[in-house]
Amino acid sequence: MPTLRSQDCVHILDLGDTENRFTPDWLKSVHTQLDSITGATALVTTATGKFFSNGLDLEWLTTHSDQAQGYVADVQDLLARILAFPVPSVAAVNGHAFGAGAMLAMAHDFRVMRSDRGYFCFPEAEINIPFTPGMAALIQSKLTPSAAIASMTTGRRFGGPSARDLGLVDDIASESELVTVACGLVSPLAGKDPGTLGAIKSTMFAGALAALRPTAEPSTATPKADDSR
């Protein structure tokens, strides 16, 4: 299950040491960890082992098809929360990031990927699962049109260097340096006011957030680091 630790002025969220698929319990656990992040800090999200996240739990979804609509809404709610999270954020992609797992990385402000192992992939075109409007809007809000076409319509698997070259990630690093490099990106930004930063992100990504949360009421409240859901 996900855990949270502090390192100087940065909070490091570890998604777990399995495939870190988005089970309902896993989603709740991630939100619980995010709830404890307060103040002018920064967030690094990573995982332990071979996977960053393999995304949707398709096995659970198959056996709970009557709950599919609510499940997808819960997944999109987490993506939206990270997209507008009111502290600087970076995904330290330690291994495979597929589907919604890659979208979770994309929702962060920055991404650093392991240079020698792991794939970043949107496999939807290969597995015949179209993107929801919210998921497509999230990805397209972070990528150039050419990068979106190359990653969203092909199902191609990108290793660290090719992911960096396309613009899926901002930097690459060895496994031993991955979290250090990620912390180096956001720790200088940790003093930003959460209310101001949350408002800026909510404005920047208003279209994607509306698509991810189509039934949510618009809010005029100033977001804080612990109430941004």
Side-chain angles (χ1 to χ4, degrees), residues 1-2 13 15-16 18-37 43 45 47 51-86 89 91 93 96-108 111 120-143 148-149 151-155 168 198 201-221 223 226-229:
M1 277 295 176
L13 174 64
L15 300 177
T18 64
E19 291 189 14
N20 306 321
R21 288 187 180 270
F22 290 25
T23 67
D25 287 344
W26 185 91
L27 290 168
K28 291 176 183 177
S29 181
V30 172
H31 279 301
T32 297
Q33 301 301 337
L34 294 175
D35 287 341
S36 66
I37 298 175
L43 172 67
T45 302
F51 298 92
F52 178 77
S53 172
N54 254 354
L56 301 184
D57 188 343
L58 298 179
E59 182 177 345
W60 182 92
L61 194 55
T62 298
T63 58
H64 298 80
S65 57
D66 59 319
Q67 301 178 48
Q69 184 174 357
Y71 173 74
V72 171
D74 288 344
V75 169
Q76 295 195 160
D77 184 58
L78 176 60
L79 298 176
R81 187 177 188 187
I82 294 295
L83 183 62
F85 203 62
S89 66
V93 183
H96 299 313
F98 274 69
M103 295 174 206
L104 180 63
M106 194 63 65
H108 289 72
R111 286 154 297 286
F120 197 105
C121 178
F122 300 118
E124 282 73 10
E126 292 292 333
I127 60 177
N128 301 323
I129 300 180
F131 294 96
T132 67
M135 292 173 178
L138 163 63
I139 299 167
Q140 290 175 278
S141 73
K142 294 299 185 79
L143 297 179
I149 289 289
S151 59
M152 295 175 69
T153 68
T154 65
L168 298 175
K201 290 185 184 182
S202 294
T203 301
M204 286 178 65
F205 302 115
L209 291 168
L212 286 166
R213 291 170 167 166
T215 61
E217 292 293 330
S219 173
T220 58
D226 56 350
D227 69 356
S228 56
R229 263 191 287 172

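Predicted, not measured: the structure shown is a model, and the values here were computed from it.
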Would you confirm whether [X], through its side chain, and [Y], through its main-chain N or O, come within 3.5 Å as a donor-acceptor pair?
| X | Y | value |
| --- | --- | --- |
| R111 | L168 | yes |
| S53 | N20 | yes |
| R21 | G55 | no |

Side-chain touch [X]/[Y], heavy atoms, less than 4.5 angstrom:
| X | Y | answer |
| --- | --- | --- |
| F85 | I37 | yes |
| D77 | H31 | yes |
| V30 | T45 | no |
| L61 | F22 | no |

All side-chain contact (heavy atoms from CB on, under 4.5 Å) counterparts of [X], not counting sequence neighbours:
| X | result |
| --- | --- |
| S89 | L43, H108, D109, K201 |
| S29 | M1, P2, Q33 |
| A211 | A137 |
| A107 | I82, L83, L138 |

Under the side-chain hydrogen bond (donor to acceptor under 3.5 Å, both in side chains) test, residues paired with H96 that sit two or more places apart: none

T132: partners by side-chain hydrogen bond (donor to acceptor under 3.5 Å, both in side chains), with sequence neighbours left out: Q76

Contacts of F122 that satisfy ring-ring contact (aromatic ring centres under 6.0 Å, His included) - sequence neighbours left out: F120

Set of residues satisfying ring-ring contact (aromatic ring centres under 6.0 Å, His included) with respect to Y71, sequence neighbours excluded: W60

Kindly compute the distance separating [atom1] ([X]) from [atom2] ([Y]), expressed to the nearest 0.5 Å.
| X | Y | atom1 | atom2 | answer |
| --- | --- | --- | --- | --- |
| L209 | L79 | CG | CG | 10.5 Å |
| L212 | L78 | CG | CG | 10.0 Å |
| E59 | H64 | CD | NE2 | 10.5 Å |
| F131 | T153 | CZ | OG1 | 8.5 Å |

Can you give me the closest heavy-atom contact between [X] and [Y], atom names plus distance?
| X | Y | result |
| --- | --- | --- |
| P123 | F98 | CG-CD2, 4.2 Å |
| A97 | A102 | O-CB, 3.6 Å |
| W26 | L15 | NE1-O, 3.0 Å |
| C121 | G155 | SG-O, 3.4 Å |

Residues forming a salt bridge (Lys or Arg N to Asp or Glu O under 4.0 Å) with K142, sequence neighbours excluded: none

Qualifying side-chain hydrogen bond (donor to acceptor under 3.5 Å, both in side chains) pairs, either residue in residues 121-131, two or more places apart: none

